[in-house]
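Values reported hereafter were calculated over all heavy atoms of this structure, with side chains retained and with hydrogens, waters and symmetry mates removed.
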Amino acid sequence: MRIGELAKRANVTPRTIRYYESIGLLPKPRRGNAQRTYDEVTVERLRKIDQLKALGLELDEIADVIELYFADPSHRAPKTKVLALLRAHLADVDHKLAELRSLRSDLAHHVKRFERWLAKS
């Protein structure tokens, strides 16, 4: 398939596809008649990149693990590496949630304080 069809099927832009190729997230496409051609594996790869981005992984982290998803599924080492990354992101999210809970508590305290002050005035 051509880049436009790939972009449509994977819900990305052709520019994104070219960028991912330039940084190594996607392999260089075959060239036929001076045009890039792609296969179904590239669609799957783009969808996996999107899933990993949705989980909070950065593009450099995705570059470190993307091949693992398309390697022999019987190997445990690749899955262990992905699991370690996901655990680190989970810990980061937990930390951010704790900070947000603290901020929310502070904001709620100040809202009540201002409401009491305005009620007295």
Side-chain angles (χ1 to χ4, degrees):
M1 75 188 84
R2 292 183 179 169
I3 194 168
E5 183 181 346
L6 173 64
K8 186 175 180 179
R9 292 191 52 205
N11 200 28
V12 297
T13 64
R15 183 178 179 196
T16 297
I17 293 167
R18 287 190 286 276
Y19 177 66
Y20 287 173
E21 288 170 2
S22 74
I23 63 171
L25 280 178
L26 292 176
K28 298 292 180 191
R30 291 185 316 244
R31 294 236 178 217
N33 299 332
Q35 293 191 2
R36 302 167 187 222
T37 58
Y38 301 89
D39 57 16
E40 285 299 317
V41 174
T42 309
V43 176
E44 292 174 32
R45 193 176 179 101
L46 282 165
R47 289 179 179 155
K48 181 54 69 178
I49 290 168
D50 192 50
Q51 289 171 351
L52 293 171
K53 282 175 49 182
L55 290 172
L57 274 69
E58 301 291 331
L59 291 179
D60 61 330
E61 293 173 311
I62 294 171
D64 286 343
V65 300
I66 190 68
E67 294 301 330
L68 306 177
Y69 283 93
F70 298 93
D72 183 349
S74 65
H75 290 94
R76 292 180 53 92
K79 301 295 185 197
T80 303
K81 185 173 183 174
V82 173
L83 178 60
L85 275 173
L86 293 177
R87 282 182 173 153
H89 278 275
L90 181 60
D92 185 47
V93 167
D94 286 342
H95 177 74
K96 287 176 183 175
L97 283 172
E99 287 178 341
L100 285 172
R101 281 189 206 99
S102 177
L103 174 61
R104 188 191 186 292
S105 176
D106 289 347
L107 287 170
H109 169 76
H110 288 292
V111 165
K112 288 195 184 292
R113 190 170 59 93
F114 274 88
E115 287 171 345
R116 283 192 306 267
W117 182 82
L118 287 171
K120 290 179 185 177
S121 302

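Put simply, CG on L68 and NZ on K48 are 11.0 Å apart, with the number rounded to the nearest 0.5 Å. Once rounded to the nearest 0.5 Å, the distance linking CG of L25 with CD of E67 reads 9.5 Å. To the nearest 0.5 angstrom, K8 atom NZ is 15.0 Å from T13 atom OG1. Taking NZ of K53 as the reference point, atom CD1 of I49 lies at 8.5 Å (rounded to 0.5 Å). Atom OH of residue Y20 and atom CD1 of residue I62 lie 6.5 Å apart, to the nearest 0.5 angstrom. Atom CD of E99 is separated from atom NZ of K96 by 8.5 Å, given to the nearest 0.5 angstrom.
Closest non-hydrogen pair, L59 versus I23, comes out as CD1-CD1, 4.2 Å. Here the closest non-hydrogen pair linking E21 and P27 is CG-O, 4.0 Å.
Checking each of L6, T37, D39 against M1 for a side-chain contact (heavy atoms from CB on, under 4.5 Å) leaves exactly one that passes, namely L6. Each of L46, L26, I17, V43 was compared with Y38 under the side-chain contact (heavy atoms from CB on, under 4.5 Å) criterion, and only I17 meets it.
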Kindly determine whether R36 and R31 satisfy side chain to side chain contact (heavy atoms under 4.5 Å, CB included), including the steps that lead there.
CA-CA 5 Å; R36 302 167 187 222; R31 294 236 178 217; 3.5 Å; yes
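Judged as a side-chain hydrogen bond (donor to acceptor under 3.5 Å, both in side chains), the pairs with a partner in residues 80-90 (not counting sequence neighbours) are, in order, E61-H89.
A 6.0 Å sphere centred on CZ of R2 holds no more than 12 heavy atoms belonging to other residues, nucleotides or ligands. Enclosure of atom CZ in R104 is not indicated, since only 12 or fewer non-hydrogen atoms of other residues, nucleotides or ligands lie within 6.0 angstrom.
Side chains of D60 and D64 form no contact here, defined as non-hydrogen atoms less than 4.5 Å apart.
Side chain of R45 to main chain of Y69: no donor-acceptor pair is present (N/O by atom type, distance under 3.5 Å, no hydrogens or angles). In this structure a side-chain-to-backbone donor-acceptor pair under 3.5 Å is present from S22 to Y19.
Residue L97 is found in a hydrophobic cluster whose other members, listed by chain and number, are V93; membership requires side-chain heavy atoms under 4.5 Å apart, directly or through intermediates. In this structure, W117 belongs to a hydrophobic cluster whose other members, linked by side-chain heavy atoms under 4.5 Å apart, are L118.
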